[in-house]
Amino acid sequence: MKEFALINGKIVTHEKVFDGTVFVKDGKIDCIKEGHDDAGDIEKVDVSGKHIFPGLIDVHVHFRTPGGTDKEDWTHGSKAALAGGVTTVLDMPNNDPPVVNQESLEAKRALVKDEALVNYGFYAGATGDNVGEIAEMKGIAGVKIYMGSSTAALAGSSTGGLLVDDLQTLEKFMTETDHLLVLHAENEACIREYMRQFDGQEDPAVHSKIRDPHCAYEAVKDALHMAKKYSRRTHLAHVSTAAELDTIRKFKEDYITAEVTPHHLFLTDADYAQYGNLIRVNPPVRNPADQVALWEAIKDGTIDMIATDHAPHLLAEKNRPYSQAPSGVPGVQTMLPLMLNAVNDGRITLEKVVELTSYNPAIKFGVLGKGLLEAGYDADITIVDMELKERICHKFLWSKCNWSPFHNWVLQGFPVMTYVAGNLMYEWRDSFGEEIGQEVDYG
Ligand code: DOR
Ligand code: ZN
């Protein structure tokens, strides 16, 4: 089968950057040689001046199949991922109908199977009464638990009716299932209280007041108390405030992990004036001091990974008045360019970006065969050009929703080629392969 070598590049792992050659055979990494190598007489791809990353793993996307394919589908979502250097996505269960048992999982699996152009996995969603069914489920990345709902208005919800806002039910999921638990930790009662207080206000900036940092803190504190009590593997999605980080630091164990999103790293509540509802998202963007705390938590290891929470909605929906606009921003295509630009700005190292976006997601979520450029691992590889400086533009955004809060941002550092299982699936700037991705396994 297909055999080739990536020559003259700089290999980036979570530990080091070095000149090296990557030999690929039958969809796997055959071997890595340090230093430059002429690779003999096999096919060569010259990546001089470029960096070679393990393909990124985004543990948090909403690709909207089934029920929301006007906003996103797997053809568009996959292309956005590929153009963002992401080769594996783990997809959330808040679909219509939601994934709440083996049957709804199989139905979704059947729809995605022939459409995905990247590798993928699925979450199941917790409700007040499905702990028994969830405990029996096989082949899932984990269980998503919404401790707070994602309301568009009080009337409409984008969390698909998935809500576990009582601690007794949360405790059941901790003690009666073995799956990884991924928590959307915002306290529902707290949000509802602030909603009443700010009722009728239509300035999008009110969103960060309604979903006050206190609501996230309360939920994280409750969840971590319980996780510690049972030594329970628990992952906190989209941590966004200094108070949550302080709590995580107090409770941190190997079995407690946390993610941060690019939108929380690069946008704050000062940006509502420019972007309005486009940056309405749950949890909301926070103040600049919280953002500084997130970057510090990346440095000190309190944050384990970056995940996008890619949650596309139609521009027409986002253009409604605040109270009727849905929450969520797309992000799977822009995460890596934003982080590479931050590397060029001296805010973070290449190794740390790899740790946060591929190594740790693979290790901490048990995604087998990925996250490392080593012999025997899958040949999911992202080629990066750290010199390339470009303006983010709708024209080259592949998500079906076709907008980004980062539209018009000029960034330096972009993925220019993306391989999935040794197949070249993306080449700058609009060339895509057609091979179908595989569902991942967990160890
Ligand atoms: O802003 C959000 N949007 N937060 C969520 O938890 C759900 C998501 C969505 O699916 O739109
Ligand atoms: Zn989400």
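Position 1 is the first residue of the sequence, and the numbers go up from there. Just so you know, ligand 1 is whichever comes first in the structure, and atom 1 is the first atom listed for that ligand. Being a predicted model, the structure only gives us computed values, none of them experimental. Quick note: numbers below take in every heavy atom, side chains included, and nothing from hydrogens, waters or symmetry partners.
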[X], portion touching ligand 1 at heavy-atom distance under 4.0 Å:
| X | answer |
| --- | --- |
| R64 | side chain |
| R280 | neither |
| A311 | side chain |

Please determine if [X] has a nitrogen or oxygen closer than 3.5 Å to a nitrogen or oxygen of ligand 1.
| X | value |
| --- | --- |
| N94 | yes |
| H313 | yes |
| D309 | no |

field: Partner set under side chain to side chain donor-acceptor pair (under 3.5 Å) for R249, not counting sequence neighbours
entry: D246, D300, T302
Closer than 3.5 angstrom, by distance alone: can the side chain of [X] be matched with the main-chain N or O of [Y] as a donor-acceptor pair?
| X | Y | value |
| --- | --- | --- |
| D345 | R347 | no |
| N119 | V440 | no |
| N101 | N130 | no |

Under 4.0 Å from a heavy atom of [X]: give me the atoms of ligand 1 that qualify, with their elements.
| X | result |
| --- | --- |
| V281 | 1 (O) |
| Y146 | 6 (O) |
| H184 | 6 (O) |

message: Using ring centroids (six-membered ring only for Trp), state whether F365 and H235 fall under 6.0 Å.
response: yes
- request: Have a look around the Zn ion (ligand 2) and list protein N/O/S atoms under 2.8 Å, or say none.
  value: H60 NE2, H62 NE2, D309 OD1
message: Under 3.5 Å, is there a donor on one side chain and an acceptor on the other for H310 and R64?
response: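 Short answer, no.
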task: Using the ring of Y322 (Phe, Tyr or Trp, six-membered ring only), decide whether R280 places NZ or CZ under 6.0 Å from its centre and within 45 degrees of its axis.
output: yes
Within 45° cone of F432 ring axis and under 6.0 Å: K79 NZ or CZ: yes
task: Look at the aromatic rings of F396 and W398 and report parallel, tilted or perpendicular, splitting at 30° and 60°.
output: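 Rings of F396 and W398: perpendicular, over 60°.
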pair V384-M386: side-chain heavy atoms closer than 4.5 Å: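 The answer is yes, as the side chains (C-beta and beyond) meet within the 4.5 Å cut-off.
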